[in-house]
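This report concerns only the one structure given below.
Quick caveat, the model's predicted, so the values are computed rather than measured.
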Amino acid sequence: MEWEGSDADESRPDCDSRGWPILHATNDPCDGINPMTGRPCVRNWHNAYHRDEVGAEWLDDA
């Protein structure tokens, strides 16, 4: 016997057919500023190195 259809819960559009949440990239801007040049980070919200428009990378002081 074969099953046809979907396990998707129509009441939870933020979940996949297994009920797991669907993750999306954020478009929130990073608020990092290069401490050496004052240039802002051009990446969206992220973890790890910041990067400015000329490609310089830096980490926040912990």
Side-chain angles (χ1 to χ4, degrees):
M1 174 155 88
E2 291 185 20
W3 182 82
E4 288 186 24
S6 171
D7 287 330
D9 182 349
E10 300 299 326
S11 67
R12 304 219 32 217
D14 59 332
C15 293
D16 68 9
S17 63
R18 297 168 292 187
W20 294 8
I22 298 171
L23 303 178
H24 302 281
T26 182
N27 290 325
D28 295 337
C30 175
D31 59 0
I33 300 293
N34 187 328
M36 301 297 285
T37 65
R39 292 186 190 108
C41 179
V42 296
R43 294 182 171 178
N44 291 336
W45 190 90
H46 61 92
N47 288 319
Y49 285 93
H50 296 281
R51 181 173 291 149
D52 65 21
E53 74 271 4
V54 296
E57 292 184 329
W58 72 96
L59 286 173
D60 290 331
D61 291 334

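With rounding to the nearest 0.5 angstrom, the CD1 atom of Ile33 is 10.0 Å from the CG atom of Asp60. Atom CG of residue Asp52 and atom CZ of residue Arg43 lie 10.5 Å apart, to the nearest 0.5 angstrom. Between the CH2 atom in Trp58 and the OG1 atom in Thr37 there is a gap of 6.5 Å [rounded to 0.5 Å].
For Ile22, the side chain to side chain contact (heavy atoms under 4.5 Å, CB included) partners at least two apart in sequence or on another chain are Asp16, His24. For Asp28, the side chain to side chain contact (heavy atoms under 4.5 Å, CB included) partners are Thr26, Trp45, not counting sequence neighbours.
Residues His50 and Cys41 come closest through the heavy atom pair ND1-SG, 3.6 Å. Scanning all heavy atoms of the two residues, the minimum distance from Arg39 to Val54 falls at NH1-CG2, 3.5 Å.
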